[in-house]
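Only one structure is covered here, and it is reproduced in the block below.
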Amino acid sequence: MSLRRSAALFASVAVAAAVVTGCSTSGTAVPAPASTTGKAAEAAKPTGPQVGTATVTVTGGTGPVTIRYSINGAAEQTATDVTLPWTKDYPVYDKVPTTVTAQGASGCTITMNGMLLSVKNEPNPTCNFAYYG
């Protein structure tokens with residue numbers, strides 16, 4: 001991959017992370033994408049080639065925690081009595097969301113290609129990410 005294309009990919013990921021997490025690269029707040037109203041939105045399904053691999057990490061907490069996660073818009077899964085730290089690698093596709101919520105933890109992150117895409121340091125954190133390339 002050329003240096004120019006690599007830089008463009010990283011810039012796209014940074015902007016997508018800023019939009020998904022409600023931040024901007026200039027330090028001002030950006031509203032999160034509007035949720036749908038009325039009928040429940042059908043979960044997005046991965047299409048096209050894989051664009052990378054991301055890692056979800058959950059940290060903190062003093063005892064076993066419960067982690068709920070949805071990878072690439074799939075049905076939510078629950079892991080109970082988890083000892084931290086907990087990590088999960090997953091393939092990333094264009095325009096499908098991933099969410100992790102950790103009850104009893106104090107932090108979560110999502111990284112891709114060494115870039116921090118989502119971070120929450122608070123009780124019972126929720127991290128979200130979707131790639132828009």
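- Applying the salt bridge (charged side-chain N to carboxylate O under 4.0 Å, His left out) test to pairs two or more places apart or on separate chains, those with a residue in residues 63-80 are R68-E76.
- Side-chain contact check for L84 versus T59: every heavy-atom pair is 4.5 Å or farther apart.
- Within the structure, no pair that satisfies the salt bridge (charged side-chain N to carboxylate O under 4.0 Å, His left out) test touches residues 77-89, not counting sequence neighbours.
- Note that the CD1 atom of I110 and the NZ atom of K120 stand 10.5 Å from one another [nearest 0.5 Å].
- When all heavy atoms of D94 and Y132 are compared, the closest pair comes out as OD1-CA, 3.3 Å.
- Pairs engaging residues 97-133 under the disulfide bond (SG atoms under 2.5 Å apart) rule: C108-C127 [sequence neighbours left out].
- Put simply, the side chain of T111 never gets that close to the backbone of M115: no donor and acceptor are under 3.5 Å apart.
- Legend: residues meeting side chain to side chain contact (heavy atoms under 4.5 Å, CB included) with T109, ordered by chain and number and at least two apart, are T57, L116, V119.
- Judged as a disulfide bond (SG atoms under 2.5 Å apart), not a single pair has a partner in residues 47-97 (not counting sequence neighbours).
- Among pairs with a residue in residues 91-122, none fulfils ring pair (Phe, Tyr, Trp, His ring centres under 6.0 Å), at least two apart in sequence or across chains.
- For T53, the side-chain hydrogen bond (donor to acceptor under 3.5 Å, both in side chains) partners two or more places apart in sequence, or in a different chain, are Q50.
- Between S106 and G60, the closest heavy-atom pair is OG-CA, 3.1 Å.
- Residues forming a ring-ring contact (aromatic ring centres under 6.0 Å, His included) with Y69 (at least two apart in sequence, or on another chain): W86.
- Taking T66 as the reference, nothing meets the side-chain hydrogen bond (donor to acceptor under 3.5 Å, both in side chains) condition, with sequence neighbours excluded.
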Name every donor-acceptor pair, under 3.5 Å, that has one atom in a side chain of residues 98-105 and the other anywhere in the protein, sequence neighbours excluded.
from: T98; atom 1: OG1; to: N72; atom 2: N; distance (Å): 3.1
from: T99; atom 1: OG1; to: N128; atom 2: OD1; distance (Å): 2.9
from: T101; atom 1: OG1; to: T126; atom 2: OG1; distance (Å): 2.9

